[in-house]
Amino acid sequence: MAFSGAKIIQPLPLHTTIRSPNNPLLFDPFTSSPFLGSTRTLRLSQSISASQRRCASHIVAVSDVFKEKKLKSNTNLLLTKEEGLQVYEDMILGRAFEDMCAQMYYRGKMFGFVHLYNGQEAVSSGFIKLLKKEDSVVSTYRDHVHALSKGVPARAVMSELFGKKTGCCRGQGGSMHMFSAEHNVLGGFAFIGEGIPVATGAAFASKYRREVLKEADCDHVTLAFFGDGTCNNGQFFECLNMAALWKLPIIFVVENNLWAIGMSHLRSTSDPEIWKKGPAFGMPGVHVDGMDVLKVREVAKEAIGRARRGEGPTLVECETYRFRGHSLADPDELRDPAEKARYAARDPITALKKYLIESKLANEAELLAIEKKIEEVVEDAVEFADESPAPSRSQLLENVFADPRGFGIGPDGSYRCEDPKFTEGTAQV
Amino acid sequence: MWGILSQKLGAARGLSSQVVGNYVLRLRLAPSAMPMRHYSSATKEMTVRDALNSALDEEMAADPNVFVMGEEVGEYQGAYKITKGLLDKYGPERVVDTPITEAGFAGIGVGSAYHGLRPVIEFMTFNFSMQAIDHIINSAAKSNYMSAGQINVPIVFRGPNGPAAGVGAQHSQCYGAWYGSVPGLKVLVPYSSEDARGLLKAAIRDPDPVVFLENELLYGETFPISAEALDSSFCLPIGKAKIEREGKDITITAFSKMVGYALKAAEILEKEGINAEVINLRSIRPLDRATINASVRKTNRLVTVEEGFPQHGVGAEICATVVEDSFGYLDAPVERIAGADVPTPYAANLERMAFPQIEDIVRAAKRACYRSVPMAASA
């Protein structure tokens, strides 16, 4: 029995009998579904307490504003031309790169577990393009596009996937462990939920720097990306609690693509509306259409602004979809083709292209030029990765420790504590 | 007498004159060790608890990036009072009381270490670290390798490890073997106050993740401590074992509380004419194979002592390394003493049987020396 994506959209109570495909849809998905145009969250949020409503309404107002803006679609207030082209280019890069990954995997150049991001580009571009270089991004195993959006060069990511020395982690990390200290991409974690406490820690460091180390201008925020399956994991709740408790500058971005490998979000979650879990811990919970990069960007701006001002964390649930299987090894048989078709029709790249052209921010030729350029970038990345050498044998034992000899043994091999000058301490007690 | 003593000590491999000098100095200051002359210079003594507290205090004063995080570390002054007084001195931003969320706060520690802070994460006991073990291993230990050296994790996970007294099966496991098998971690096991101070300071200054296994029953024990160890920049090397007692007939390796037992066993053995060398491992990873092998090559017999479970334990690794490197020097099969292969029972007499006692060490040592003794009852 297959579920269609639209049928999950229903307010409480959740366990109704509306599961048979024969029942008429409660909502027409294209006009009234809350998942398609965040306005319905207004209705759903009214059942929560006043204080929480204050929090949530702060965010819901954005959707209101956005809705108004959309009506006056002739104003280009949503984003400028440069921003539009930048976001478009980023999304095209993400898509082209992932498609090339699939090709390379089937040709045997890439191996192991590879999880592709096709269809979810609006979330990555919508959020990450608003960040500064010093802000941090923590992701899951589906991390290629997060790394690319944050600024890691396509060449470095592709080489890493090929397992070459020139990869961003010298071939030691792989598809699921993209790290870049320069771009503050803090991984790449294979375990579900593992990145969330690490991201919370990065946000903790930012707050610590500002308040304890007195670096007054340290307002770095952290984005934690994870999926719908993770939202049932204990670490997620532990971190929602602590982030809200200590008002950490973090945004929890849920990429709800409705499926955790073959486990549907509905089958595994008692209350599938993830955004609601935010107010339960004292932070705003927002739901946004993750297939629309402009909506995501608006919500992201608000949430990042909140975090930078020190007002605390936000939970943003992006309804999105992955066009491919969970990984390249997933036959993807459990998802209803009708559902896939419906989301394919909402392809975020097509939607943005349409918007840019209709609002006269760009013309066909410019967008085509971008696509061509990205094609070349990706091809160049593949060539570069192909020609790069594999890691040398000596690399196997490198980088286990930052300090392999352990403190206390000086660089000349003798024990520091034997040095007569050793007890001339520098510590002031 | 002093001359002969320092000659003997100097002859032992691996000790420089400076260290020998220190050892002699310590003997002089510990009147019980030398029956001959009694120096009245004040012997400073310190409990392990105070040693850990002072080490934390000094490191936090020296480096503002160091902070402590864990359950009850702040207002409660530490579940075992190790962090006593730190909250008042450094404030709640640096001594952070957490909710009961081991996975969460261990991960938060790792994430902040990614950005250059130096967290000291306290687990109320290392049994609770099992709820956070994903972060200790996957995001702390492996990160430097996975990122090819871009991101190192200068974090310390510390807390009491191993059995206490009557706390039952879920509070009594020793984690030395589990953490000791993970590349990317450094695992330290202090015994005396000097060990505690020196190793904790080294751990906090170390740029890699360190698992610091203390022992609850040792917290209250007092040890003599030298002036050098009280200096605020005193550190001990990581990966170097200490020969607590020189001997020539048999090598006994131990760590944490078992060092005390081994020393007492050595005294008993001395009366029977077996001169035992006791090695305090101090560091399970990296294991000081050089010292252990050198000692076995001298004595030709080995007994390893630990409180953890026998299979795949620390003793197993030591035996393997000795057999691999010094097989030709062994005069007897290697002996392993470990905790019984059962979850820890509660009843006092059963618990006593479940962990090595001094008599077990003595018996094993005699076995290794081919004295005929009845085998201990195998649990």
Side-chain angles (χ1 to χ4, degrees), chain A residues 136 138 168-174 177 179-182 186-191 194 196-206 208-209 211-213 222 234-235 238-239 241-242 245 398-403 405-409 414-418 420 422-429, chain B residues 16 18-19 57-59 61-62 64-65 67 91 93-94 98-99 101 103-117 134-135 138-139 143-152 154 183-184 186 198 202-203 205-208 228 231-240 283 286:
Chain A
S136 306
V138 181
C168 57
C169 298
R170 302 208 293 161
Q172 290 178 202
H177 305 295
F179 287 87
S180 167
E182 186 195 337
L186 305 180
F189 289 99
F191 278 45
E194 192 179 352
I196 304 177
V198 174
T200 312
F204 182 91
S206 169
Y208 189 92
R209 277 215 195 111
E211 293 181 1
V212 179
L213 302 178
T222 307
Q235 291 180 85
E238 291 185 12
C239 290
N241 177 41
M242 288 193 274
L245 184 66
E398 284 172 18
N399 295 133
V400 177
F401 286 134
D403 173 15
R405 280 160 149 224
F407 189 87
I409 298 179
S414 62
Y415 304 127
R416 285 205 177 101
C417 53
E418 288 179 33
F422 185 69
T423 52
E424 285 173 36
T426 51
Q428 306 301 312
V429 180
Chain B
S16 79
Q18 177 91 3
V19 177
D57 195 352
E58 287 163 18
E59 291 305 304
N65 283 313
F67 69 95
E93 295 103 351
R94 293 186 69 191
T98 62
T101 48
F105 67 73
I108 287 182
V110 173
S112 64
Y114 277 17
H115 274 302
L117 297 187
D134 174 31
H135 282 289
N138 276 329
S139 50
S143 285
N144 198 55
Y145 192 82
M146 287 197 294
S147 69
Q150 294 176 74
I151 296 178
N152 68 309
K186 294 177 182 168
R205 297 184 194 191
D206 195 279
D208 290 307
E228 183 206 21
D231 185 276
S232 59
S233 61
F234 173 71
C235 280
L236 285 174
I238 291 179
K240 200 72 191 115
S283 168

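So that the names make sense, note that chain A is the first sequence line, chain B the second, and so on, each numbered from 1. Being a predicted model, the structure only gives us computed values, none of them experimental.
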With a 3.5 Å distance limit and no angle check, can you tell me whether [X] reaches the backbone of [Y] through a side-chain donor-acceptor pair?
X         : Y         : result
Glu211(A) : Glu93(B)  : no
Gln172(A) : Gly149(B) : no
Asn399(A) : Asn144(B) : no

Which atoms of [X] approach chain B - backbone, side chain, both or neither, heavy atom under 4.5 Å:
X         : answer
Ile196(A) : neither
Leu213(A) : side chain
Ser206(A) : neither
Ala202(A) : both

* Could you please spell out the steps behind the side-chain contact (heavy atoms from CB on, under 4.5 Å) verdict for Cys169(A) and Met146(B)? => CA-CA 7 Å; Cys169(A) 298; Met146(B) 287 197 294; over 6 Å; no
* To do: Please work out which of the three classes, parallel, tilted or perpendicular, describes the rings of Tyr114(B) and Phe189(A), given edges at 30° and 60°.
  =>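 Because their plane-to-plane angle is under 30°, the rings of Phe189(A) and Tyr114(B) count as parallel.
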* Measure the CE-OG1 distance between Met242(A) and Thr98(B) for me, rounded to the nearest 0.5 Å. =>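 Output value for this atom pair is 6.5 Å.
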List the atom of [X], the atom of [Y], and the distance in Å for their closest heavy-atom pair.
X         : Y         : result
Glu194(A) : His135(B) : O-CE1, 3.0 Å
Gly104(B) : Glu238(A) : N-OE1, 2.6 Å
Asn241(A) : Pro99(B)  : ND2-CG, 3.6 Å
Ala181(A) : Ile151(B) : CB-CG1, 4.2 Å
Phe204(A) : Ser112(B) : CD2-CB, 4.2 Å
Phe191(A) : Asp134(B) : CD2-OD1, 3.4 Å

* Options Ser283(B), Ser139(B), Gly91(B), Pro183(B), ranked by heavy-atom pairs under 4.5 Å with chain A, top entry ->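 Most pairs with chain A among the choices: Ser139(B).
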